[in-house]
**Q** 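There's a structure below that I have some questions on.
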Amino acid sequence: MSEITGIVLAGGLARRMGGGDKGLQLLKQQPLVQHAINRLAPQVAKIIINANRHPDTYAQYADTVVADIICGYAGPLAGIHAGMTQATSEWILSVPCDSPFFPEDLAPQLFQAAQQNAADVAIAAAAGRAQPVFMLAKRQLAADIAATLAGGNGKIDHWYARLPHVVVEFSDAGAFDNINTLEELTQAEQRLP
């Protein structure tokens with residue numbers, strides 16, 4: 001998938017995990033960010049990590065680490081925007097650092113749907129529920145995201161709803177489970193081999 005750059009979103013505050021850096025929490029002796037990269041790397045040409053803390057630590061896992069350009073922890077859309085500013089491919093694929101089970105065919109499924117529907121954005125969904133942080137989008141939309149964030153509305157679904165987009169249903173709803181608490185981290189240990 002040489003036309004796609006992966007962006008791993010690790011820029012949040014992780015309030016429900018006690019404020020620790022979520023991407024660096026260990027799951028089976030590996031940080032969550034590494035699990036995301038392990039799934040993402042075979043699907044994209046390059047990986048960028050969006051992180052607002054511990055950039056030197058995250059630099060061990062990807063060639064490029066970028067903080068939000070829009071200040072104030074404006075949410076995942078700000079992280080996607082930051083990654084887009086560093087990407088050189090036509091498309092970016094964003095995934096959160098706290099979802100270690102996302103589909104191994106996420107990129108090809110979203111890319112195919114975007115091509116078939118002449119869409120600028122493709123969003124994953126499962127069990128009828130959109131999972132907008134799992135997004136394939138054209139890099140050229142970075143300026144549009146910046147304008148949206150400057151207007152004070154950082155919700156991903158509000159942003160992409162007005163653009164040519166497609167929602168792609170995946171069969172395994174559990175693939176998009178994310179880890180928000182230490183209890184969920186323990187539960188995830190049981191799901192990994």
**Q** Please name the pair of heavy atoms, one in V65 and one in A51, separated by the smallest distance, quoted to 0.1 Å.
**A** CG1-CB, 4.1 Å
**Q** Working to the nearest 0.5 angstrom, can you tell me the gap between Q140 CD and I145 CD1?
**A** 11.0 Å
**Q** Drop me the distance from L93's CG to E3's CD, to the nearest 0.5 angstrom.
**A** 13.0 Å
**Q** Does any part of the side chain of E90, heavy atoms only, come nearer than 4.5 Å to the side chain of R139, both counted from C-beta?
**A** no
**Q** At their closest point, which heavy atom of A10 faces which heavy atom of I49, and how far apart are they?
**A** CB-CG2, 4.3 Å
**Q** Under the side chain to side chain donor-acceptor pair (under 3.5 Å) rule, collect the residues that match up with N52, sequence neighbours excluded.
**A** D68
**Q** Would you say V95 and L9 make side-chain contact, with heavy atoms under 4.5 Å?
**A** no
**Q** Kindly indicate, with the supporting measurements, whether the criterion side-chain contact (heavy atoms from CB on, under 4.5 Å) is fulfilled by L40 and F102.
**A** CA-CA 9 Å; L40 189 58; F102 66 84; 4.0 Å; yes
**Q** Distance-only, no hydrogens or angles: does the S99 side chain make a donor-acceptor pair with backbone N or O of P96 under 3.5 Å?
**A** no
**Q** So how far is it from Q109 CD to L106 CG, rounded to the nearest 0.5 Å?
**A** 8.5 Å
**Q** For S89, give me all partners under side chain to side chain donor-acceptor pair (under 3.5 Å), at least two apart in sequence or on another chain.
**A** T5
**Q** Between I156 and P76, is any pair of side-chain heavy atoms under 4.5 Å apart?
**A** yes
**Q** Among all residues two or more places apart in sequence or in another chain, which pass the ring pair (Phe, Tyr, Trp, His ring centres under 6.0 Å) test with F170?
**A** F176
**Q** Once side chain to side chain donor-acceptor pair (under 3.5 Å) is applied, what residue pairs with a partner in residues 154-169 remain, sequence neighbours excluded?
**A** D144-W159, D144-R162, T148-R162, N153-H158
**Q** Considering all heavy atoms of both residues, which atom of Q43 and which atom of D105 are nearest to each other, and what is their separation?
**A** OE1-C, 3.6 Å
**Q** Would you say the side chain of T85 lies within less than 4.5 Å of the side chain of I69, judging by non-hydrogen atoms?
**A** yes
**Q** Quick one: side chains of residues 30-37, donor-acceptor pairs under 3.5 Å with protein atoms, not counting sequence neighbours, listed by atom name and distance.
**A**
residue	atom	partner	partner atom	Å
Q30	OE1	N38	ND2	3.4
Q34	NE2	N38	OD1	2.7
H35	NE2	L27	O	2.7

**Q** Check step by step if side-chain contact (heavy atoms from CB on, under 4.5 Å) holds for Y58 and D21.
**A** CA-CA 11 Å; Y58 280 110; D21 198 321; 2.5 Å; yes
**Q** Are any of the side-chain heavy atoms of I7 and Q86 separated by less than 4.5 Å?
**A** no
**Q** Where do K28 and E189 come nearest, in terms of heavy atoms and distance?
**A** N-OE2, 2.9 Å
**Q** Let me see the working for N50 and V8 under side-chain contact (heavy atoms from CB on, under 4.5 Å), right down to the final yes or no.
**A** CA-CA 6 Å; N50 163 244; V8 179; over 6 Å; no
**Q** Compare every heavy atom of I92 with every heavy atom of A87, then report the nearest pair and how far apart it is.
**A** CB-CG2, 3.8 Å
**Q** Find out if a path of hydrophobic residues (ILVMFWY) with successive side-chain heavy-atom gaps under 4.5 Å connects Y61 to L26.
**A** no
**Q** Looking at every non-hydrogen atom in both residues, tell me the closest pair between P100 and D98 and how far apart they are.
**A** CD-O, 3.4 Å
**Q** Does the side-chain contact (heavy atoms from CB on, under 4.5 Å) test come out yes or no for I179 and K22, once each step is laid out?
**A** CA-CA 9 Å; I179 297 169; K22 192 187 291 188; 5.6 Å; no
**Q** I'd like to know if the side chain of N117 and the backbone of A119 have a donor-acceptor N/O pair within less than 3.5 Å.
**A** no
**Q** Could you tell me whether a side-chain N or O of S94 sits under 3.5 Å from a main-chain N or O of I80, the two making a donor and an acceptor?
**A** no
**Q** Which residues pass the salt bridge (Lys or Arg N to Asp or Glu O under 4.0 Å) test with K138, not counting sequence neighbours?
**A** D120
**Q** Output the distance between atom CG (L77) and atom CD1 (I70), rounded to the nearest 0.5 Å.
**A** 9.0 Å
